[in-house]
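Since this is a predicted model, take the numbers as computed values, not measurements.
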Amino acid sequence: MRTEVVIIGAGPAGLLLGQLLHKHGIDNVILERQTGEYVLGRVRAGVIEQVTIDLLDEAGVGARMHEDGLVHEGVQICVDGVRHRISFAELTGKAVMVYGQTEITKDLMDGRAAAGAPTIYAAYDVHLHGIFGDKPHVTFRADGKTQEIACDFVAGCDGFHGVCRKSVPAHAITAHERVYPLGWLGILSDTPPVSDELIYVHHPLGFALCSMRSPTRSRYYLQCSLAEDVDSWPDDRFWEELRPRLDDKARARLVTGPSIEKSIAPLRSFVAEPMRFGRLYLAGDAAHIVPPTGAKGLNLAVSDVFYLSRALTEAYRRNKTDYLDSYSDTALRRVWGAARMSWWLTMLLHRFPDETPFEQQMRLNQFDYLLASEHAQASLAEQYVGLPF
């Protein structure tokens, strides 16, 4: 088998890259280790920037997003029981949209199926060969047979634990990492949200987030220890821990119910440099992880895909490699900006083990500055809604 680009990973990054390349007439094959059903079963975040919306539209998969997505023109921050609103519309003229990553994945899967572009699910034992030469190829096992695809380029969109970054010699990568001593315990429930906008909660008991997937489906998070076991959190315990962290209005609107999904996500900042190795290009979680506090994970993956799809299109259609050569530096500038913003929000909103009274007062002073300064709010709003590519 031969194609122009092999894409490893059928999450949103890989599927979107494949869709954009197909629209530009660039042949590609996607390999995914899991089944399609497994990929669709993963519950992920769903706050997307305008530039992400625009790129999904360009890929031809935005119709359902515009029909079902919830436009948010602001975000709310609750500090010790008092809620404050930061208006994206007033400060930046922009907004974000709440539309679940699972739904985006489904739209992209449907778009790829309609285009007749090949995706090979349950592709095991994937190995990359010759990425530092002129004739890379990928071997894998599917349907009980070992198969091989020759290609010009490989796009590593296979996540933090994927094979692509691990295929690069360790000495060729510089990894920057910060593992936070806490996680997010999240539940999904078919209950109406407590607010029309996201509420970030800073409270002496710990951080909480009130989010949603639709007007009838809510997503809530609580700060928790990494030592926690999700099985030790029955639904009643979760609601009992959430309720006192909310302000009076949110508490009055809280509707509890059985969870339909529950999980604990560790918080990590991770950036691998560079993002290009010969003819292998990393994108999304394969190259970087940010805490979910700033809602940047999916949006960063989309920005990588924009830069990489543009670079590959220029290489094939105009025989120009300038964008390919600068891909890593260009993508990393945006990555580090988002990593800084996500780190800052994480440090601001959470209570950390063993922090001193001095550190707690410094945090409260940061809140005072943020909530009193239009300049500070405008800066946060501009970063949250996302900068143009």
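Legend: side chain to side chain donor-acceptor pair (under 3.5 Å) pairs involving residues 296-307, not counting sequence neighbours, sorted by first then second residue: Glu49-Lys296, Thr52-Asn299, His288-Asp304. Here side chain to side chain donor-acceptor pair (under 3.5 Å) pairs that include residues 17-34, with residues two or more places apart or in two chains, are Asn28-Arg112. Residue pairs meeting the side chain to side chain donor-acceptor pair (under 3.5 Å) criterion with at least one partner in residues 369-379, sequence neighbours excluded, are Ser379-Gln383. Sorted pairs that involve residues 9-18 and meet salt bridge (charged side-chain N to carboxylate O under 4.0 Å, His left out), not counting sequence neighbours, are lacking altogether. Pairs engaging residues 379-389 under the salt bridge (charged side-chain N to carboxylate O under 4.0 Å, His left out) rule: Lys94-Glu382 [sequence neighbours left out]. Counting only residues at least two apart or on different chains, the side chain to side chain donor-acceptor pair (under 3.5 Å) pairs with a member in residues 1-17 are Arg2-Asp152.
Scored by the side-chain contact (heavy atoms from CB on, under 4.5 Å) test, Trp343 finds Arg178, Tyr180, Met347 as partners (sequence neighbours excluded). A search for salt bridge (Lys or Arg N to Asp or Glu O under 4.0 Å) contacts involving Asp368 returns nothing, not counting sequence neighbours. Scanning for side-chain contact (heavy atoms from CB on, under 4.5 Å) contacts around Lys249 gives Arg83, Asp247, with sequence neighbours left out. Residues meeting the salt bridge (Lys or Arg N to Asp or Glu O under 4.0 Å) test with Glu103, sequence neighbours left out: Arg64. Annotation: ring pair (Phe, Tyr, Trp, His ring centres under 6.0 Å) contacts of Phe306 (sequence neighbours excluded): Phe389.
Cys164 pairs with exactly one of Ile131, Leu128, Val126 by the side chain to side chain contact (heavy atoms under 4.5 Å, CB included) rule, that one being Leu128. Between Pro266 and the choices Leu182, Val179, Leu226, the side chain to side chain contact (heavy atoms under 4.5 Å, CB included) rule is met once, by Leu226.
Counting only heavy atoms from C-beta outward, the side chains of Ser309 and Leu17 approach each other to under 4.5 Å.
In the hydrophobic clustering, Leu185 connects to Ile187, Val194, Ile199, Val201, Tyr220, Leu222, Val230, Trp233, Phe238, Trp239, Leu242, Leu246, Leu254, Ile264, either directly or through intervening members, whenever side-chain heavy atoms lie under 4.5 Å apart.
The local environment of CG in Asp196 is sparse, with at most 12 non-hydrogen atoms from other residues, nucleotides or ligands closer than 6.0 Å. The number of heavy-atom neighbours closer than 6.0 Å to CG of Asn319, taken from other residues, nucleotides and ligands shown, is 12 or below.
Residues Lys106 and Asp110 are paired through a salt bridge, judged by an N-O separation under 4.0 Å between the basic side chain and the carboxylate.
Judged by distance alone, the side chain of Asp125 and the main-chain N or O of Arg141 form no donor-acceptor pair under 3.5 Å.
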Tyr384/Thr92 under side-chain contact (heavy atoms from CB on, under 4.5 Å): CA gap, chis, key distance, verdict: CA-CA 10 Å; Tyr384 199 99; Thr92 71; over 6 Å; no
